[in-house]
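The structure that follows is given in the form of structure tokens.
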2 protein chains.
Amino acid sequence: MTNDSLLRQWALLELIPRAPNQRHTSDLHQALVNRGYEVTIRTVQRDLLNLSRIFCLASNETGRRQAWFWMKGGSGIHLPLPDEPAALALLLAEEHLKPLLPPETLDLMKPTFAAAQRIVESTPHEGMAKWPERIQVIDRNPLQKPPALDSRVQHTVYTALFQNQKLKLNYQPRYKKKPSEYTISPLGIVSHRGLLYLVVVGDYDPFQLALHRITAAELLDEKGESPTDFTLGGYVNDDQAFTNRRFGEPIKLVIRMQEYAAKHLAECQLSTDQTIEPDTSGKEGWKRITATVNENEELHWWLNSYGAGVEVIEPSALRKAMCETAAALRKHYEPS
Amino acid sequence: MTNDSLLRQWALLELIPRAPNQRHTSDLHQALVNRGYEVTIRTVQRDLLNLSRIFCLASNETGRRQAWFWMKGGSGIHLPLPDEPAALALLLAEEHLKPLLPPETLDLMKPTFAAAQRIVESTPHEGMAKWPERIQVIDRNPLQKPPALDSRVQHTVYTALFQNQKLKLNYQPRYKKKPSEYTISPLGIVSHRGLLYLVVVGDYDPFQLALHRITAAELLDEKGESPTDFTLGGYVNDDQAFTNRRFGEPIKLVIRMQEYAAKHLAECQLSTDQTIEPDTSGKEGWKRITATVNENEELHWWLNSYGAGVEVIEPSALRKAMCETAAALRKHYEPS
DNA sequence: AAGCCATGCGACAATTAACGTCGCATAAAA
DNA sequence: TTTTATGCGACGTTAATTGTCGCATGGCTT
């Protein structure tokens, strides 16, 4: 019976939802029967009891009915187990994601990271007791902290997005005291500068709502609508709110740069056709760099961030913009 | 039998390594016996055969011996299955990680993301056929591309780090034609501005090697050494190579900022004591922001990236630095 | 080249646990 | 209180898992 028994128990494990949700035994039995495992409910009961002694399953006994679920903190199952190098890489990835994603989102990946952690910790290497000491991530952006996110709202919104259902939202606009109420169809999620936005459509054109400003969300039993020819990519490119995308054609960038910064560029290329040459204009230790890139806000930030460590030569429009920045900056600090 | 049989099969699954590695049946049997499952090897053989019909297991038959492993492309097992919102969040996380981590590192997380993808794709919602359309990440840094990494080197290095073993490395310095050879003890991994560095110690003081410049790595059968009192955190803080950390005490930052930028700060706080007030100096639509932050290179970049959109008021040392930047920048574009 | 050893695997019998059925206990609903 | 639904213990039957044996095969040694 290896055949049937193991497969059935496996299917059963897949049918059980994770912690906030739960499922009654009879439900699970029904689902199993539908999948072709024709056993009595008694067998399902026994299976559940057995499995719960091995895995992190628990039952919520409301009266006489038992509803089963995967325990929240439980490590879950992750096979094949990551080998040791993979486990270290996973922990590194976790460190990277921490500042990027809302904690609620990160929690969803916990089982994966927990598996990695167990691998690392279960190895009796004396040095590994302090495994966090082996990993450092120092390029996260520690300056700004993402706003708190209501995990229930997030769950509801994602569910609606996934099932293409309409939503009723309470939304707290930035400059109003009282929240507004929207009834909308969700179209997509955009992650922009560390904030999550829900792109929606109501009675008129699509617009976006900041996820962290949604104070309550309720699933409606109505199918979501979507404008014909709407694509999230197109929306993000067109809309003024997300000006981060390229505008226009790629440009041929020519800049002068201090050597220490150019060193970094040598390894992290701007483009495949990037060239780095000694600068011939007489600046000691500077490099001349050419590359084909998209012109967007990101590029401006990147150029600005080097302060006086970079000089834009071409294209002339970009150089002119930098000139204006320099002039405006001068006014701040050397008012005439 | 549920008791023993299921547990044993589970233990067996955990003992099987993933694709590049493999393990012989007798090995697995030994390991099971050591773990207290006293069965004959015949049972193990049968279990393996059964399990391989359900899971992505395969055996490599060299002559008469069978060596088992988890298939490389195989989806593996991931339980509890992420529910639909979690699956979307995972795919979002994957998009975030793509530009941050070397592809080789990302591959190690494939099973997790694959599970999410299967969830999303297996749902027959008509809209979800094009699930990537529902998710956009536009704050990744598309400007610079991380260098290629040798996955075998990465694997070897991580293994050495994990097991605290010495390594023999071929290293290609940035400005030398020929690679050098090092015999070192690994101390840790540092992720810095998108590059991975291996901190090591040889005969003298600890130093770091860029992981992507290591052309070959070989595990030595010798225990790694570590200077007494060495901590990776301390090294990163002290060493000149990683100047990204704070230097000195936190400072009380006072800046003027354009309103559109300040809006973003209102949600992603610089610090918990951050204040945003209308600017009284007469600049129309500007805000005055105060916050307590660490002064580090990151802060300088961040301030610079706004170009003329920000003016530092205090502390005076920082303002002076910005003055100098403005002056230097002016020389680039308005040579006197 | 031949014998030896290790391993895989088919077959078979004995054990054993898994399964369905029945009945009782219990909690919620009526 | 009665009714209904569910959980669970018990029991007998069924069926599968397990250990043992034997044979076949491939590699290694002498």
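Just the heavy atoms: all of them, side chains too, but no hydrogens, waters or symmetry mates, feed the values below. The structure presented is a predicted model; accordingly, all values stated were derived computationally and were not measured. Naming convention: chains lettered A, B, ... in sequence-line order (proteins, then strands); numbering from 1 in each chain.
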Write down the distance between CD (A:Gln30) and C1' (D:dA5), rounded to a whole number of angstrom.
15 Å
Rounded to the nearest 0.5 Å, how far does CZ of B:Phe69 lie from CG of B:Leu57?
9.0 Å
Side-chain contact check for A:Ser26: nearest option of C:dG20, D:dG7, D:dT6 is D:dT6
Which part of the nucleic acid does B:Arg42 contact within heavy-atom distance under 4.0 Å: base, sugar-phosphate only, or nothing?
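Base contact - B:Arg42 has a heavy atom under 4.0 Å of at least one base atom.
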Rounded off to whole Å, could you give me the CZ-to-C1' distance for the B:Arg46 and D:dC21 pair?
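B:Arg46 atom CZ is separated from D:dC21 atom C1' by 12 Å.
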Send over the distance from B:Gln45 CD to D:dA24 C1', rounded to a whole Å.
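It works out to 14 Å between those atoms.
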Could you measure the distance from the CG atom of B:Leu15 to the NE2 atom of B:His29? Nearest 0.5 Å is fine.
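These two atoms lie 12.0 Å from each other.
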Counting heavy atoms from C-beta on, name the nucleotide in C:dA6, C:dC19, C:dG20 closest to the side chain of B:Arg65.
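Out of C:dA6, C:dC19, C:dG20, the nucleotide with an atom closest to B:Arg65's side chain is C:dA6.
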Among the nucleotides D:dG7, D:dT20, C:dC19, which one has an atom lying closest to any side-chain atom of A:Gln66?
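Looking only at side-chain atoms, A:Gln66 lies closest to D:dG7.
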How many Å lie between CG on A:Asn50 and C1' on C:dA17, as a whole number?
10 Å
In whole angstroms, how far is the P atom of C:dC19 from the CG atom of B:Leu6?
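It works out to 11 Å between those atoms.
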Using only side-chain N and O atoms of A:Thr25, determine if any of them is under 4.0 Å from OP1 or OP2 of D:dG7.
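Answer is yes, contact under 4.0 Å.
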Could you tell me the separation between the NE2 atom of A:His24 and the P atom of C:dA28, rounded to a whole number of Å?
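Result: 13 Å.
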Touch class at under 4.0 angstrom, heavy-atom based, for A:Glu61 against every strand present:
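Touches nothing.
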To the nearest Å, how far apart are A:His29 NE2 and D:dT6 P?
11 Å
May I have the distance from B:Leu48 (atom CG) to C:dT7 (atom P), rounded to whole angstrom?
14 Å
B:Gln165 side chain vs B:Ala160 backbone, donor-acceptor pair below 3.5 Å
no
Any B:Thr43 side-chain nitrogen or oxygen under 4.0 Å from OP1 or OP2 of D:dG19
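Checking D:dG19 against B:Thr43, a side-chain N or O does come within under 4.0 Å of OP1 or OP2.
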Say whether, by atom type as modelled, one donor and one acceptor occur between the side chain of A:Tyr171 and the main chain of A:Ala210 under 3.5 angstrom.
yes
Identify the heavy atoms of B:Leu198 and B:Pro186 that sit nearest to each other, and give their distance.
CD1-CB, 4.2 Å
